[in-house]
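The figures that follow rest on heavy atoms only: side chains count, while hydrogens, waters and symmetry mates do not. Remember, predicted model here, so these are calculated numbers, not experimental data.
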Amino acid sequence: MNRQDVVATLPLFVSAYAPVLVLMITAFWRHRTGIAVLTLASLLASFLAIIPALHAAPRLVTPLVLIDRFSLFFMGLCFAGGFAVVVLSRDYLRDVPERVGRFYVLLLFAVFGMAAAVSSHHFAAFFLGLETLTMSLYGLIGFTRLRPTALEGGIKYLVLAATSSAFLLFGIALLYAEVGTMEFGRLALVMRTAPAMPGGAVLGFAFILVGFGFKLALVPFHMWSPDVYQGAPAPATALIASGSKGAIFALLFRLVSSLGVGHTTALHILLFTLAVITMFGGNLLALLQKNLKRMLAYSSVAHMGYLLIPLLAGGGGGAAAFGFYLVSYFATIIAAFGVLAVLSARGGEVEDLERLRGLAYRQPFLAAVLALAMLSLTGIPLTAGFVAKFYIFGAAVRAQLWTLVILGILNSGLSAYYYLRVIVVMVAPGEPEAAPLAGPRAWGASGLAVLGAVLVLLGVYPTPLIRLAEAALSRAVMLR
């Protein structure tokens, strides 16, 4: 590696050494606030390392890692998401008896796994980044080990994540046996120059897509999602719903776009079918939920279906729409789970919808942020979610995917019922709770205030982010 390679990979180096440094310090220093501040400083340093890396990009560092605007955009999103989760987890972890330093170390390892995955240029690098992320999530999901639901969620995630990894490895092996390479660039060249996609390659891609389906909780591979969301601590659930899925989806978007498999008839039909059944499956199952965590789990499933729309639309417009939607979704879902984390700060997860009855009168600030998150997830105007959905439907219209546009709008209307139901419950008068809900402290209040402002700002003035997404992603979809 030369100097330019080091500069280009600086965000990876910083995010890789950060958890090791925090782990060594926590062995001798048990100060909770100090460790949280150190974790935030590590994530901020990783984010700032993107600035010099931009000047060295695009750069292929060995056959394993590609640093370009696409990967740096999503690295920055993962670092920012991790930063927000740490801020919102401070209140939640204040009264947790476990050593909270372990939580922050696992979170930093998970964020490094996300960064490694989005910068992958080779299936080996992707799999190593993915497993770093997955193994960190095992610990985060079961962190509050005294809660039976946490252990249950951790075990279910362990079993199903191992199953999805087996599908991924088998698919990669089939693809390598047929094509003779695991490097994305060479793979794209072979696929584009071949007169027809070999049968073994099609089967390999099918297995790989099954593996991605498990990781992203696409229907019908979503069965783990509600149990894991319900069992995991609220801050860990926020990380799973945002950064974990976002990093894997970004890599899938790059892979599908660069190989052109989205325009192959069989795989195009498969992706189209996955998008439709994932949107309908997630929204219909969410209608039946009275547990807010499970409802948001199925809501997350539906949003993964929406994200398949710009993937099928393809081109620079689809990539920019995908990037904007993912930023909007990160801010919205972290805000929603951040409110639950703050409410659960005194012990015992607040997840039953009825426990939020009258929240607008007891904790008006928290109710306002949660209501704003629900409106954004619905896609109500003047919120980030509205602009995000308008952008992805616009990309689908330009690609003449009219069926997806109609079904996507129909699903948005369907989701309005269960999102707005949360707001109705919060403003409905009710009997005071026997155990009052926790209010926000300084860290939680500041984090939620910033996220709420982001949701409104992106809904009112989305132009800077749209331009950034277009500049970073429109020309970076194709692998160099």
Do [X] and [Y] come within less than 4.5 Å of each other through their side chains, counting heavy atoms only?
X	Y	answer
V450	V87	no
Y329	M304	yes
F324	P462	yes
L414	L287	yes
I423	L420	yes
L239	M114	yes
M279	V301	no
F126	L255	no

Counting N and O atoms only, with roles assigned by atom type, does the side chain of [X] sit under 3.5 Å from a partner on the main chain of [Y], one being a donor and the other an acceptor?
X	Y	answer
T383	G379	no
K293	F337	no
S165	A161	yes
D68	S71	yes
T278	V219	yes
K389	L377	yes
S89	V86	yes
W224	F214	yes
S225	H222	no
S376	G385	yes

Inter-residue atom distance [X].[atom1] - [Y].[atom2], 0.5 Å rounding:
X	Y	atom1	atom2	result
L307	L312	CG	CG	11.5 Å
I333	I240	CD1	CD1	11.5 Å
L292	E351	CG	CD	9.0 Å
L285	F280	CG	CZ	13.0 Å
R254	L66	CZ	CG	5.0 Å
F73	L326	CZ	CG	8.0 Å

- Message: So that I know where these two stand, are F322 and F74 an aromatic pair - ring centroids less than 6.0 Å apart?
- Response: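 Yes, the ring of F322 comes within the 6.0 Å limit of the ring of F74, centre to centre.
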- Give a yes or no on whether F365 atom CZ has more than 12 heavy-atom contacts from other residues, nucleotides or ligands under 6.0 Å away.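 It does: F365 CZ has more than 12 such atoms within range.
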- Is it true that atom CE of M223 has more than 12 heavy atoms of other residues, nucleotides or ligands lying nearer than 6.0 Å?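 More than 12 within 6.0 Å, yes.
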- Item | Residues M135, F109; criterion side-chain contact (heavy atoms from CB on, under 4.5 Å); working and verdict | CA-CA 9 Å; M135 286 188 288; F109 272 119; over 6 Å; no
Any donor-acceptor N or O pair under 3.5 Å, side chains [X], [Y]:
X	Y	answer
Y17	S42	no
N283	Y418	yes
S328	Y391	no

Indicate the atoms forming the closest heavy-atom contact of [X] with [Y], along with that distance.
X	Y	result
M75	P11	SD-CB, 3.8 Å
W443	A36	CH2-CB, 3.9 Å
A472	R69	O-CB, 3.3 Å
L404	A275	CD2-CB, 4.2 Å
Y229	L296	CE2-O, 4.3 Å
G82	V111	CA-CG2, 4.3 Å

- Apply side-chain contact (heavy atoms from CB on, under 4.5 Å) to the pair F221 and K215, showing each step before the final yes or no. CA-CA 8 Å; F221 313 110; K215 300 295 184 183; over 6 Å; no
- Considering only NZ, NE, NH1 and NH2 on the basic side and carboxylate oxygens on the acidic side, decide whether R357 and E354 come within less than 4.0 Å.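 Counted as a salt bridge, because a side-chain N and a carboxylate O are separated by less than 4.0 Å.
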- Task: Could you label the plane-to-plane angle of the F143 and F103 rings as parallel, tilted or perpendicular, counting under 30° as parallel and over 60° as perpendicular?
- Result: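 Because their plane-to-plane angle is over 60°, the rings of F143 and F103 count as perpendicular.
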- Which is it for L40 and L44 under the side-chain contact (heavy atoms from CB on, under 4.5 Å) test, yes or no, and what are the steps along the way? CA-CA 6 Å; L40 292 175; L44 181 61; over 6 Å; no
- Message: Walk me through whether L130 and L168 qualify under side-chain contact (heavy atoms from CB on, under 4.5 Å).
- Response: CA-CA 11 Å; L130 179 64; L168 269 175; 3.3 Å; yes
